[in-house]
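Report on the structure given below.
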Amino acid sequence: MSASKTTYTEADYLAVDEYEPKTSGGRIANYMDKRVAGTGMVREFGRKVFPDHWTFMFGEVALYSFIIVVLSGAFLTFWFDPSMATTRYDGSYAPLQGLEMSMAYATSLELSFDVRGGLFMRQLHHWGALLFVMAMAVHMLRVFFTGAFRKPRELNWVVGASLLLLGMGAGFTGYSLPDEVLSGNGLRIIDGMLKGLPVVGTYISFFLFGGEFPGSEIIPRLYSLHIFIIPALILVLIAVHLFLVVVHKHTQYPGPGRTERNVVGFPVGPVYAAKAGGFFFIVFGIMALISGTFQINALWNYGPYDPSPVQAGAQPDWYIGVFEGVLRLVPGTIGDLSLDWVIPTPWGGNTVAFPILLGILPVAVLFIGMFLWPWIEAWITGDRKERHLLDRPRNAPTRTAVGTAAVTFYMIMWGMGANDIIATHFSLSLNDITYWSRVLIFVGPVVAYILTKRICLALQRKDRETALHGHEAGVIEVSPDGGFHERHQRLSDHELWTLTSFEAPRPSGPRPNAKGKVTAVEKLRAGLNRMWFEERVAPVTREEYQQALEHDHHDEDGGLEAAGSSQGRITRGGD
Amino acid sequence: MAEQGNGESGAAVTGGEGGSESSAVDNPGLPPHRPRLADVDEKAAKRNERQVSVLFLISIIGTILSFIGYFVVGQTEGNLGDLRLQNTLLGVGTALAMLGIGLGVVHWAKTLMPDHEIVEDRKPLRTEEDRAEAEQIVTEVIDETQIKRRPLLRNTLIAAALIAPLPAVVMFRDLDRSDDFGPERMRHTLWDEGVRLVRDPTGTPIRASDLTIGSAMHVIPENLPEISSHGERIAEKAKAVVLLMRMNPDDFEHTSPGRENWTHEGIIAASKVCTHVGCPVALYERHTHHLLCPCHQSTFDAAREFKVIFGPAGRPLPQLPITVDAEGFLVARSDFTEPVGPTYWERGEA
Ligand code: HEM
Ligand code: FES
């Protein structure tokens, strides 16, 4: 986009003023264009091409659910009072009348019972928040398993990962606002986890709560995080995220006519805009339906926050489950040995809360790994190229295997967040589930890795078979000598291209550095690289394909029909 | 630049990317375009038009339904049945209103708007020319500041910029607005010698005879309700909540030296604040004398001074030493002898 022209003649300027639009639409456009130079935007976006695939929808769902959450949240702010000042409830919900509670809880109840549509908005806001984080997570999995995070999109992956964290933060701060028993207990757990951080933890807790837990400061503080700071950050990052999508142009799945250098898809105007715009209404509609029919967070059942009661079997919002689960997984004592370790010091000792630190560690590793993944993978594979064509997951068996291993790791911790529900539901011993999960957390990901890799390689082999010998046509033929054959239907070139246009490089051994030395790090890289690429199913080459065709040709003399496509293939090498 | 995939296969495939000699076939270009019914048959197109309009009409009906929910059901006055009805009408109404528009527009796009795929070249993210130009601009700008030639300027600027944000950090100190700042306060609760154990929330004192063997009771210190500030009261309660149980004195399996007189006729008191991350340990199983924290399922054994027998808690629940006063009501012998609740760095040997 280098500016080719830097000096202009008087005529250039006059042309702008003297232009007379002919239609009324043109007049409006011209008015705006003269003031904000919209021409460029229309030229850039009006017919911009977006590739289409159902898996590209999740990011859109995330965007739309964020919009729904902002709109419904803005409605809630007009009634909700984020104050811990005490009041006596005198709203219309009889069971709580006369009870002492904070303004935050009282106005949440007011929103539920005395503001018409308030309950609907609360439920829409909460369901929207759950969908927002869910859509981001699924979107991220799509990006991961198709390799869309590779160069040049690494930084946008980081933006996306930050959005996922912020979304969870927004959700947690929101969940804590109404100041009833459940949200108070959630905060209690946060307080305990903060206190477990060595050196700074106690003070962070004091600063967050304005003194000792829970104090009377936390709700207003969470409120400014929840409706201002976090949403503003999310908004900015969404803008950056989408800007980068436009700069990079969307990736596309491999297929006929698609290359690393082009984009195949529908133009923004009108098809893409109509589909995407319509889809917003569809998401909104589905969320409205859910919010109108499924109750969520019926906070009048919990009562005002009090440090004494608990709700057994209460479930946090789904994205918090993993933090809850991993805390349940870590043992606090091994035999008579406590994992709260005291470091003896002259001033009476300091305590390291390993049950908490070990509970934070796995999730931290998972999230840090997520942020760094594009660079980790590029370092292992040595791939420095721009990648605009996606991988079909089976064609990147090791990445897919790493991904499912990570998902398994996550799911075990997440499942532990519901181990009490699982135990009562399936009449199992809670303690047994926990013991087994402590084993599973190590074994599960390994098994998932191995299984996934096997499945991917098997699928690749099947693709190879299909590419070489065609689809099974579902017709069994008896040959003159009495043998049975299933008739095969050759693939069209278009199908063939989809199945065979991928790369499966061989491992690259350790490379010496500038001084001619192979460093230990390089050896590690080479080892990982071998793991990555060693087992490979190569795409069908032209030679192999020619041979398969010739083979068919011979069969044809024996009475078998070979081709499903009308094009002459034997001469293909020459065109 | 953009080229219509005009229905023939073989739309633009940019040079060099058509597949190498080694791939099975060359990139064959876009598959042939198949016209939809509405593209060739005006009747079909008309039918689609009608379908889309019906969807838009359904949307209008949905909006009306929402109004019925709002005005006809009206204020629900705390009646849960009416509230649910109103909520359902608002939800279903809004859903129809939105889905009608959404499905209509998508149907329109799919059946009537052009469905030719377009091929567009990717622009190089930057051209070499741009990069060179940008680099030169940056070099010139830096040169013009003379920052490289004048290290004194640079070093003093860095020093100033590094410390300038510190006041902004320091100013967060007053996030903690309490008077007794610091971790020392975590060692004390409202319990003290002679403070009565009273029921939560009624505040009535307790006699040993009020508890039968196997029963448990949620307890607060008698001076808690006297605190008038809600925030302070909750903060004190968060440290002082106690679970009181009565067991058969023979069931105590272990009593540490110095704790012999901490119980009264089999009545034993423990902090309800879990030593893991602080949830209320509220579940007591009378047959096993186990206390269970519902948050992460730490299990404590009341017969063995609340030793952890399962789960992530690293320490036993602190025990509150109790006895009875002259009038026969249960009272504390002292405060807890160690900090209650989650482990923290400054806790030390306790
Ligand atoms: C950025 C994404 C956001 C997420 C994930 C989110 C999530 C949540 C959640 C889970 C709750 C508890 C809901 C309930 O009590 O049923 C909540 C409450 C609330 N949110 Fe949000 N929120 C977001 C943005 C916003 C925005 C932008 C606003 C305002 C402009 C807002 C205003 C509120 C208010 C006032 C409440 C408390 C009202 C009540 O619970 O009755 N939120 N939020
Ligand atoms: S808070 Fe009790 S087990 Fe975690």
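Numbers restart at 1 for each chain; the letters A, B, ... are given by sequence-line order, proteins then strands. Bear in mind that the values here come from a model prediction, so they are computed numbers and not experimental data.
Within the structure, side-chain hydrogen bond (donor to acceptor under 3.5 Å, both in side chains) pairs that include any residue of residues 83-110 of chain B comprise A:Q295-B:R84, B:Q51-B:H107 (at least two apart or interchain).
Comparing A:D114, A:T293, A:L339 by how many heavy-atom pairs each has under 4.5 Å with chain B, the most go to A:D114. Put simply, of A:P256, A:G349, A:G278, the one with the most heavy-atom pairs under 4.5 Å next to chain B is A:P256.
A side chain to side chain contact (heavy atoms under 4.5 Å, CB included) with B:R122 holds for exactly one of A:N262, A:V49, A:V263; it is A:V263.
No donor-acceptor contact under 3.5 angstrom links the side chains of A:S308 and B:K237, judged on distance only.
Rounding to the nearest 0.5 angstrom, the gap separating the CD1 atom in B:I234 from the CE atom in A:M84 is 7.5 Å.
Within 6.0 Å of the CG atom in A:D336, the count of heavy atoms belonging to other residues, nucleotides or ligands does not exceed 12.
Every residue meeting the disulfide bond (SG atoms under 2.5 Å apart) condition with B:C279, not counting sequence neighbours, appears here in chain and number order: B:C295.
Heavy-atom minimum distance, B:Q75 versus A:F113: OE1-O, 4.3 Å. Considering every non-hydrogen atom in both B:P32 and A:H494, the closest pair reads CD-CE1, 3.8 Å.
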(Q) Go through it in stages, so that I can follow the logic: the residues are B:D121 and A:K249, the test is salt bridge (Lys or Arg N to Asp or Glu O under 4.0 Å), and I'd like the CA-CA distance, side-chain angles, deciding distance and then a yes or no. (A) CA-CA 10 Å; B:D121 275 353; A:K249 289 191 191 276; over 6 Å; no
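For B:F181, the part sitting under 4.5 Å from any heavy atom of chain A is the side chain, from C-beta outward, and nothing else.
Distance alone, capped at 3.5 Å, places no donor-acceptor pair between the A:T333 side chain and the B:G314 backbone.
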